[in-house]
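This report refers to the structure that appears directly beneath it.
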Amino acid sequence: MKVKLPDGGIKEYSGAVTPGQIAKEISESLYRNAVGAVVNDQLWDFERPIDFDCELRIIKLSDPEAVEIYRHTMSHIMAQAVIRIYGTDKVKLGIGPTIENGFYYDFDIEGAKITEEDLPKIEEEMKNIIKEDLKIERFEMGKDEAIEFMKNRGQNYKVELIEGIPDEKVTFYRQGEFIDLCRGPHLPSTGKVKHFKLLSISGAYWKGSEKNPMLQRIYGTAFAKKEELDSYLKMLEEAKKRDHRKLGPQLDLFFINTEVAAGMPIFLPYGMAVLGELMTLSRELHKKYGYKEVGTPLIMHEKLWRQSGHWEHYKDNMYFTEKEEITYAVKPMNCPGHILIYNNKPVSYRELPIRLFEFGRVHRYERGGVLHGLLRVRTFTQDDAHVFCREDQMVDEVSNIVRFINELYGIFGFSYRATLSTMPEDHMGEKATWDKATEALRDALEKMGVPYEVAEGEGAFYGPKIDFHVRDILGREWQCATVQMDFQMPERFELVYKDSDGSERRPVMIHRALYGSIERFFGILIEHFAGAFPTWLAPVQAVVLPVSEKYVDYAREVAVKIDEEKIRVELDDRNETLGYRIRENQMKKVPYMIIVGEKEKGLSQISIRTREGKDIQGVRVEEFLSKLKEEITTRSIKSTIE
RNA sequence: GCCAACGUAGCUCAGUCGGCUAGAGCGGCUGACUUGUAAUCAGCAGGUUGAGGGUUCAAGUCCCUCCGUUGGCUCCA
């Protein structure tokens, strides 16, 4: 039996061997730092025997693959602690997987409910288990035996899980008195990773279905090094500080009146200034990329929505209004409106592609529990467009959109991740059509050199799509842009164009939004920039501060000059000390403070204090203005005045 | 909708075991000060303690219902 190592070396064994033994042969320190192995691309337990030819790589605690292993083990340690505290006959276990930044475990605890206050207690017990450094052992059991085993222990959820496993045998892991059904792999012992924190508690339906009982879920996270845990916790704290729901009202951008308009943010003048800039940018680029802006009604006759299929598929999320016994729907999407425009006149193949764009205000009913600041709302404005084109134009059109996205996101300094979602089980239309459209999306991505992942079966039922997830400065991802192919709408509305040979043909329809929702994008920007917007976006771009009352006239003069250049400027001549006003404007994150007093007035100059705290003295107003204008018109992310 | 926590002045928060007229800082208003790079000083106003019901001699505090928020679940054309 041959084992090939990453360095190309080959070790030969006559019988079964574990990664642990191999690691020990290589070096003692590797053995000590190892947590598992990758055997033929599969994660493998450190002490699980191998009895076949394979490629093997030892995973050290610091390797990326280790994360999954030790977090999974940590979830077992947590489950063990919970059982110790609440009693083995009281606790029924659900599932306990790793997730993006940590892990969770679901519990059904008889006669007790866990609250946040119980977390320290559970953490204590987890520390004990870690200290005990219990050996973690893997073993297999026949399915029937396993079911019997779990039945005896009253673990009905586990029984259900085992019944759902197709294999003949299932695997278990044991650490001390704790045994759990698990695919693994796990750490060799509970003492290997020490740095963890339990974060929160929530309810979670068994198997995610509302029909099933609700279990209690504990979320936690774990890291190999203390510094990593600390920096993750710090990131959470930083995210909390940047929370747009806090910064929004604080910076007078928007607020939400939950009594009369839950899920419907109210924008204040400063907030509208930012949204206005986002819209101006969007309009400029839409023009550049060949779109025509249109406007469609907020409410339209119910029959339109019956024809579009929304009535059937989306009614629960729609708002309605009625007058003179006619029911109107408040639009949840803009596509039917754009289709009316397409169908308004006969279309020739020469006119295609037709690209219709709208800042479409849509309303969608969302259940109360899901509303979240600007990110999950009941009304929002999409930078929505529909491209009607011939089949042979699909790749070019999608490429055009990708190019657009690159330019748009580049302005904010966002990188992104793209996912291509393919045909779901429940779909409409021919597989051949799906394949053609999916290929068009794929071709465009490849042509544009955009890396992407494929999400099999995740497409909308009416067509495949590409989603773009932007990554913000804290590394969090937000789904913004989406490009969706649609074969349903053209059918339902009998869209046609006259082809060169005189025949009538059906156009392809592409739905796409780039910001997604401008309000939501705004929310993301607030958090990304922590409220300190680049100058072009800042609600107030400069504020003029006279040192005292005596210089208010000069300050006003300066402010007028700035205002004449269409720069958003304010005069802060409140009867407060200079220090006080500086502090206030600093906290409002105004990019530039213009300070004028005796010195400046005499020389027709200004002093500038930047948001970063830099002090620049003796500048001519014109000089400042030309630099500031440059910074704004180029939409620079960084301050250029220093 | 479901699970859990929370809801006191515009904001951030205190309020003990149920016990006097519910407090503080910031903010606001008024006045003084006339200010040179992150908070000048003084005075004043501001509350149906989310709403409703209950227990009690007595409720911000305990119980119930509702509303809302937060973290999740669910949903998401």
Side-chain angles (χ1 to χ4, degrees), chain A residues 94 99 104 106-108 113-119 199-219 236 240 243 245-246 249-250 252 255-260 262-263 305 308-318 332-336 362 364-373 376 421 424 426-428 459-463 465 479 482 484 486 488-489 511 513 545-552 573-588 593-600 607-611 613-617:
Chain A
I99 48 174
Y104 67 79
D106 289 343
F107 304 97
D108 184 343
K113 48 191 173 182
I114 303 173
T115 69
E116 306 261 345
E117 285 155 30
D118 298 322
L119 294 184
L199 298 171
S200 63
I201 278 180
S202 76
Y205 298 107
W206 168 240
K207 287 189 170 172
S209 167
E210 260 171 284
K211 295 182 193 84
N212 289 335
M214 184 167 272
L215 310 180
Q216 285 190 279
R217 175 172 299 178
I218 303 179
Y219 285 92
L236 288 184
K240 216 186 235 171
D243 193 326
R245 291 167 303 179
K246 215 178 156 81
Q250 222 167 65
D252 293 323
F255 66 93
I256 296 172
N257 182 324
T258 55
E259 295 285 308
V260 303
W305 304 101
S308 70
H310 288 90
W311 195 272
E312 204 181 324
H313 293 284
Y314 204 59
K315 196 169 181 222
D316 289 347
N317 285 291
M318 290 166 70
M333 286 175 215
N334 305 297
C335 20
V362 296
R364 297 179 184 178
Y365 173 75
E366 300 280 0
R367 291 154 111 180
V370 306
L371 300 176
H372 182 95
R376 194 66 191 271
S421 299
D426 177 24
H427 62 271
M428 295 182 90
F461 78 87
Y462 55 77
K465 62 174 181 172
Q479 202 235 296
T482 177
Q484 312 189 345
D486 184 353
Q488 279 306 306
M489 288 288 174
H511 304 246
L545 307 178
V547 168
S548 83
E549 221 171 67
K550 281 182 270 181
Y551 313 106
V552 171
D573 59 353
R574 286 177 300 172
N575 185 17
E576 299 285 354
T577 60
L578 183 63
Y580 178 88
R581 285 174 290 149
I582 285 173
R583 181 165 196 274
E584 288 253 302
N585 285 289
Q586 184 82 41
M587 290 196 307
K588 290 283 179 193
M593 287 178 240
I594 311 302
I595 293 159
V596 295
E598 187 64 39
K599 272 184 290 183
E600 290 80 6
S607 290
I608 303 161
R609 184 193 157 99
T610 69
R611 184 160 59 185
K614 263 184 224 137
D615 180 18
I616 309 158
Q617 308 238 355

Original post:
In whole Å, what separates the C1' atom of B:G31 from that of B:U37?
Top reply: 27 Å
**OP:** Kindly write out the residues that satisfy salt bridge (Lys or Arg N to Asp or Glu O under 4.0 Å) with A:D486, not counting sequence neighbours, or none if the list is empty.
**Re:** none
Original post:
Does any N or O donor sit under 3.5 Å from an N or O acceptor when you compare the side chain of A:R217 with the base of B:A4?
Top reply: no
Original post:
Looking at residues at least two apart in the chain, or sitting in another chain, which of them share a salt bridge (Lys or Arg N to Asp or Glu O under 4.0 Å) with A:K207?
Top reply: A:E160
**OP:** Using a 4.0 Å heavy-atom cut-off across all strands, classify A:Y219 as base, sugar-phosphate, or nothing.
**Re:** sugar-phosphate
Original post:
What is the distance, rounded to the nearest whole Å, between atom CG of A:L215 and atom C1' of B:G72?
Top reply: 13 Å
**OP:** May I have the step-by-step check of salt bridge (charged side-chain N to carboxylate O under 4.0 Å, His left out) for A:K588 and A:D252, ending in yes or no?
**Re:** CA-CA 9 Å; A:K588 290 283 179 193; A:D252 293 323; 3.1 Å; yes
Subject >> Sugar-phosphate, base or nothing in reach of A:Q617, heavy atoms under 4.0 Å >> reply: base
Subject >> A:N257 CG to B:C67 C1', straight-line distance once rounded to whole Å >> reply: 13 Å
**OP:** Look at the aromatic rings of A:H511 and A:Y462 and report parallel, tilted or perpendicular, splitting at 30° and 60°.
**Re:** tilted
Original post:
By salt bridge (Lys or Arg N to Asp or Glu O under 4.0 Å), which residues pair with A:K614, not counting sequence neighbours?
Top reply: A:E642
Kindly give the atom pairs (protein nitrogen or oxygen, nucleotide nitrogen or oxygen) under 3.5 Å for nucleotides 74-76 of chain B.
| residue | atom | partner | partner atom | Å |
| --- | --- | --- | --- | --- |
| B:U74 | O2' | A:E210 | OE1 | 2.4 |
| B:U74 | O2 | A:R367 | NH1 | 3.1 |
| B:C76 | O2 | A:R376 | NH2 | 3.4 |

**OP:** Pick base, sugar-phosphate or nothing for A:K550, based on heavy-atom distances below 4.0 Å to the nucleic acid.
**Re:** sugar-phosphate
Original post:
Looking only at atom P, what distance separates B:C11 and B:G54, rounded to whole Å?
Top reply: 30 Å
Original post:
Considering only the P atoms, how many Å lie between B:C67 and B:G25, rounded to the nearest integer?
Top reply: 38 Å
Original post:
How would you label the contact of A:L371 with the nucleic acid (heavy atoms, under 4.0 Å): base, sugar-phosphate, or nothing?
Top reply: sugar-phosphate
Polar pairs (N or O, both sides) under 3.5 Å between protein and nucleotides 40-47 of chain B?
| residue | atom | partner | partner atom | Å |
| --- | --- | --- | --- | --- |
| B:U40 | OP2 | A:T577 | OG1 | 3.0 |

Original post:
Is there side-chain contact between A:Q617 and A:K599, with at least one heavy-atom pair below 4.5 Å?
Top reply: yes
Original post:
For RNA chain B, which consecutive runs of 3 or more Watson-Crick or G-U pairs (each distance under 3.5 Å) count as stems?
Top reply: B:1-7 with B:67-73, B:10-13 with B:23-26, B:28-32 with B:40-44, B:50-54 with B:62-66
**OP:** Sticking with atom P, work out how far B:U8 lies from B:G47, rounded to a whole angstrom.
**Re:** 15 Å
Original post:
Under the side-chain contact (heavy atoms from CB on, under 4.5 Å) test, which residues partner A:L371, sequence neighbours left out?
Top reply: A:A262, A:E366, A:R378
**OP:** Not counting sequence neighbours, which residues clear side-chain contact (heavy atoms from CB on, under 4.5 Å) with A:S421? List them please.
**Re:** A:A455, A:E458, A:K465, A:D467
**OP:** Mind checking A:Q488 for me? I need base, sugar-phosphate or nothing, with any heavy atom below 4.0 Å counting as a touch.
**Re:** nothing
Original post:
Of all residues at least two apart in sequence or in a different chain, which pass the side-chain contact (heavy atoms from CB on, under 4.5 Å) check with A:P249?
Top reply: none
**OP:** Mind checking side-chain contact (heavy atoms from CB on, under 4.5 Å) for A:D243 and listing every partner two or more places apart, or none if nothing turns up?
**Re:** A:R245, A:K246, A:E527
Subject >> Qualifying residues under side-chain hydrogen bond (donor to acceptor under 3.5 Å, both in side chains), relative to A:Y219, sequence neighbours excluded >> reply: A:R217
**OP:** Please report the shortest heavy-atom distance between A:W206 and A:G94, naming the atom on each side.
**Re:** CZ3-CA, 3.8 Å
Subject >> Distance-only donor-acceptor test, A:E600 side-chain atoms vs B:G36 base atoms, 3.5 Å >> reply: yes
I'd like a list of close polar pairs between nucleotides 7-13 of chain B and the protein, N/O only, cut-off under 3.5 Å.
none

